[in-house]
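Structure first, commentary second.
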Amino acid sequence: MKDAIRHLDSRFATLRALSHAQRPPKGWIRAIRDALGMTTAQYAKRLGVSQPRIVELEKSEQGGSVTLNTLQRAAEALGCRLVYVLVPERPLAEVVTKRAAEIAERQSRAIEQTMRLEDQAVDDNQAARALREQAIEDLLKRPARLWDDE
């Protein structure tokens with residue numbers, strides 16, 4: 001699992017810069033079509049649709065309702081490649097480790113409270129930290145447990 005996360009994180013590192021690219025105000029299709037000097041009629045012919053359909057297509061992209069399949073075909077007709085990717089805001093390893101630490105902390109507090117109630121409190125902060133670190137390590141071995149409801 002750790003290797004899969006590391007592999008994805010390394011791939012996302014190169015894409016993170018692209019994730020901040022803003023879509024042109026009228027959409028990528030319109031921007032590229034205009035840059036190529038292609039009319040809606042010419043583009044419609046390349047795509048095999050009517051000219052009014054191109055206007056609808058560009059509006060649907062601008063509004064965010066275009067489907068991936070349609071976007072794929074539109075890109076190909078412009079000599080482009082559609083790249084579809086979800087780029088995590090933070091590295092996946094960081095997300096998983098943070099989540100494990102939160103759960104371990106919550107579990108640790110519950111155990112410490114029970115031990116205090118039973119007058120078995122552990123005063124050693126180092127021992128408590130070691131237990132939390134072990135809990136994090138155990139949680140990371142089976143990350144599916146991290147996403148159960150609290």
Side-chain angles (χ1 to χ4, degrees), residues 1-113 124-150:
M1 177 59 96
K2 287 180 184 180
D3 287 340
I5 288 174
R6 258 185 260 135
H7 176 71
L8 281 174
D9 278 342
S10 69
R11 292 180 71 186
F12 290 136
T14 59
L15 295 170
R16 221 166 245 108
L18 289 176
S19 70
H20 299 293
Q22 295 292 317
R23 180 175 53 191
K26 293 184 179 180
W28 288 109
I29 295 171
R30 173 75 182 268
I32 293 169
R33 182 180 61 75
D34 285 349
L36 293 172
M38 190 182 297
T39 67
T40 55
Q42 292 166 331
Y43 186 42
K45 188 174 181 181
R46 292 175 66 97
L47 198 52
V49 298
S50 66
Q51 186 274 338
R53 177 65 188 109
I54 296 302
V55 175
E56 290 174 27
L57 169 63
E58 290 177 352
K59 284 183 181 177
S60 69
E61 184 207 359
Q62 185 179 9
S65 63
V66 67
T67 66
L68 287 175
N69 188 41
T70 299
L71 204 51
Q72 174 74 37
R73 287 183 45 238
E76 288 171 2
L78 289 169
C80 296
R81 180 188 312 169
L82 174 67
V83 178
Y84 173 80
V85 63
L86 301 175
V87 181
E89 296 289 330
R90 296 184 328 251
L92 295 174
E94 182 182 315
V95 172
V96 170
T97 301
K98 182 178 182 216
R99 179 70 177 179
E102 290 167 356
I103 292 170
E105 180 65 30
R106 207 170 34 244
Q107 291 172 346
S108 177
R109 281 195 309 264
I111 291 168
E112 288 170 7
Q113 175 64 17
D124 187 357
N125 283 335
Q126 190 173 6
R129 272 195 302 275
L131 286 173
R132 273 193 289 279
E133 291 300 319
Q134 184 59 51
I136 291 170
E137 200 173 300
D138 291 344
L139 286 163
L140 290 174
K141 287 178 185 172
R142 292 192 7 226
R145 297 183 298 168
L146 299 174
W147 310 107
D148 290 336
D149 290 339
E150 279 113 65

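Because the structure is a prediction, the values reported are computed rather than measured. Below, all heavy atoms of this structure are taken into account, side chains as well, without hydrogens, waters or symmetry copies.
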### Message
With rounding to the nearest 0.5 angstrom, report the OG to CZ distance, Ser60 to Arg53.
### Response
5.5 Å
### Query
Which value, rounded to the nearest 0.5 Å, describes the distance between Ile29 atom CD1 and Tyr43 atom OH?
5.0 Å
### Query
Which atom pair, heavy atoms only, marks the closest approach of Ala100 to Leu139?
O-CD1, 3.5 Å
### Message
salt bridge (Lys or Arg N to Asp or Glu O under 4.0 Å), that's the test. Do Glu102 and Lys98 meet it? Break it down for me.
### Response
CA-CA 6 Å; Glu102 290 167 356; Lys98 182 178 182 216; 3.8 Å; yes
### Task
State the CG-CZ distance between Asp3 and Arg6, to the nearest 0.5 angstrom.
5.0 Å
### Message
Show the nearest heavy-atom pair for residues Ala104 and Ala135, with the distance to one decimal.
### Response
CB-CB, 3.8 Å
### Query
Should Tyr84 and Leu71 count as side-chain neighbours, where that means a heavy-atom distance under 4.5 Å?
no
### Query
Sub-3.5 Å donor-acceptor pair from the side chain of Arg33 to the main-chain atoms of Met38, do we have one?
yes
### Query
Nearest 0.5 Å, what's the CG-CG distance between Leu78 and Leu47?
8.0 Å
### Query
Any sub-3.5 Å donor-acceptor pair from Arg23's side-chain atoms to Glu61's backbone N or O?
yes
### Task
Please round to the nearest 0.5 Å and tell me the distance separating atom CG of Leu146 and atom CD1 of Ile103.
4.5 Å
### Query
Is the closest side-chain heavy-atom distance between Ile32 and Cys80 below 4.5 Å?
yes
### Task
Dump the intermediate steps for side chain to side chain contact (heavy atoms under 4.5 Å, CB included) on Arg73 and Leu57, then the final yes or no.
CA-CA 11 Å; Arg73 287 183 45 238; Leu57 169 63; over 6 Å; no
### Task
Inspect the surroundings of CZ in Arg11 and state if more than 12 heavy atoms from other residues, nucleotides or ligands are less than 6.0 Å away.
no
### Query
Roughly how far, to the nearest 0.5 Å, is the CG atom of Asp34 from the OG1 atom of Thr39?
10.5 Å
### Side chain Arg132, main chain Gln107, donor-acceptor under 3.5 Å
no
#### Entry: Arg30 side chain to Pro24 backbone, donor-acceptor under 3.5 Å
no
## Note on the structure
Correct closest heavy-atom pair for Leu92 and Asp9 would be N-OD1, 2.6 Å
### Message
Is it the case that the side chains of Glu76 and Gln72 hold a donor-acceptor pair, with the cut-off being a distance below 3.5 Å and no angle test?
### Response
yes
